[in-house]
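Since the structure comes first, as structure tokens, the remarks are kept for the end.
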Amino acid sequence: MKLEDLLKQARSMQAQLGETQDAIKAARVTGESGGGLVRVTLNGAFEALRVEIDPMTADEERSVLEDLVAAAINDAVRRVEALQREKMGAVARGLGLPPGLNLPS
């Protein structure tokens with residue numbers, strides 16, 4: 001393979017990686033706890049965008065609600081991490097890279 005072809009392939013890979021990273025950052029993932037009583041939505045940059053507490057739980061103790069919010073955030077973070085693994089794995093497979101090779105996220 002010629003050097004020019006390798007450079008072209010590297011530029012293509014870099015562009016695809018950048019597009020995938022942008023798509024992950026723009027993604028919205030919702031985690032929940034307490035059987036759906038608390039929901040938290042994060043973007044792919046792990047920023048909390050929305051917290052929803054079911055109105056039926058408004059009279060619950062504050063500490064219980066705080067624990068549920070923390071659990072929902074952690075659930076959403078795990079889901080964003082899974083999304084990153086999925087998307088970056090697809091990029092690696094498309095490039096013919098061996099399984100388990102970690103691309104930067």
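What you see is a predicted model, and the numbers here were worked out from it, not measured in a lab.
The two residues Ala76 and Gly31 come nearest to each other via the heavy atoms CB-N, 3.6 Å. The shortest non-hydrogen separation linking Ala71 to Ser33 is CB-CB, 3.7 Å. Between Gly44 and Gln84 the shortest heavy-atom distance is O-NE2, 3.8 Å.
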List the steps and the verdict of side-chain contact (heavy atoms from CB on, under 4.5 Å) for Leu68 and Ile53. CA-CA 9 Å; Leu68 290 173; Ile53 298 175; over 6 Å; no
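From Glu86, atom CD reaches atom CD1 of Ile24 across 9.0 Å, with rounding to the nearest 0.5 Å. To the nearest 0.5 Å, atom CG of residue Leu37 and atom CD of residue Glu52 are 12.0 Å apart. The distance from atom CZ of Arg78 to atom CD of Glu81, rounded to the nearest 0.5 Å, is 8.5 Å. Interatomic distance, Gln9 CD to Lys2 NZ, rounded to the nearest 0.5 Å: 15.0 Å. Of the inter-residue distances, the one linking Gln14 atom CD with Leu17 atom CG reads 8.0 Å to the nearest 0.5 angstrom.
Proximity of a side-chain donor or acceptor of Asn74 to a complementary backbone N or O of Ala70 within less than 3.5 Å is detected. Within the 3.5 Å criterion, the main-chain N or O of Gln16 finds a donor-acceptor partner in the side chain of Thr20.
Under the 4.5 Å side-chain heavy-atom criterion for ILVMFWY residues, a single connected hydrophobic cluster contains both Val38 and Val64.
You'll find the side chain of Arg79 stays beyond 4.5 Å of the side chain of Leu42, heavy atoms only.
With sequence neighbours excluded, no residue satisfies salt bridge (charged side-chain N to carboxylate O under 4.0 Å, His left out) with Arg85.
In summary, of the residues considered (Thr30, Val51, Val29, Ile73), a side-chain contact (heavy atoms from CB on, under 4.5 Å) with Thr41 occurs for Thr30 alone.
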